[in-house]
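Worksheet for the structure shown next.
Side chains are part of it too, since the values below use all heavy atoms of this structure and drop only hydrogens, waters and symmetry mates.
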Amino acid sequence: MTLFILLACLGGVLVGLSRQLNGRLSIATTPLIASFWNHAIGFAALTCLGPFVGGLLPAGAAEAPWHAYLGGPLGVVFVAAGSWAIARIGAVNSALLIIGGQMVTGVAFDYLSGVPAAFWANAGGIVLIIGGMMVSRGRRKGERSQ
């Protein structure tokens with residue numbers, strides 16, 4: 001179990017590093033160019049690594065429904081938007097926005113798909129997430145004005 005926890009932490013560090021690099025590249029160029037280079041390098045690395053890990057195309061890829069492939073275009077939009085946001089609001093605020101958005105969206109998806117859950121627990125969690133983001137943002141504004 002410790003190995004998987006360490007791998008998750010390493011993944012988080014690498015995602016943070018990637019966002020920082022994309023943000024810096026976005027400042028020097030544009031968010032779309034930063035997104036292009038992010039995906040070009042990722043594609044090259046995965047293409048080189050794929051044959052050693054289990055093949056480039058998994059079995060049954062051709063039979064997958066069309067909407068299974070929407071992740072790629074959505075990923076391009078997400079990376080470009082992240083590069084744009086980091087350049088404007090900073091890495092910490094954009095990370096808070098992403099994490100908060102993922103948690104609220106997860107609760108919404110659970111609700112829409114009929115997953116049994118306590119409404120007050122979910123609503124309380126969303127209020128705490130939004131409240132924490134507001135407190136964090138308010139604290140930063142107060143620090144800047146002094």
To the nearest 0.5 Å, tell me how far [X] [atom1] sits from [Y] [atom2].
X	Y	atom1	atom2	value
Thr30	Leu25	OG1	CG	8.0 Å
Ser83	Phe36	OG	CZ	13.5 Å
Ile41	Phe43	CD1	CZ	13.0 Å
Arg19	Leu14	CZ	CG	12.0 Å
Thr29	Arg24	OG1	CZ	13.0 Å

*Of all the heavy-atom pairs spanning Pro51 and Cys48, show the shortest one and how long it is.*
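Smallest interatomic distance, heavy atoms only, reads CD-O, 3.6 Å.
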*State whether the number of non-hydrogen atoms from other residues, nucleotides or ligands found under 6.0 Å of Tyr69 atom OH is greater than 12.*
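More than 12 heavy atoms, drawn from other residues, nucleotides or ligands, come within 6.0 Å of this atom.
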_Any non-hydrogen side-chain atom of Asn38 less than 4.5 Å from a side-chain atom of Ser18?_
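Result yes, sub-4.5 Å side-chain heavy-atom pair found.
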*Does Gly101 offer a backbone N or O that forms a donor-acceptor pair with the side chain of Thr105 under 3.5 Å?*
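Such a contact is found between Thr105 side chain and Gly101 backbone.
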*Determine whether Val79 and Leu21 fall in the same hydrophobic cluster, where Ile, Leu, Val, Met, Phe, Trp and Tyr are linked whenever their side-chain heavy atoms lie under 4.5 Å apart.*
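In one cluster with Val79: Leu21, no.
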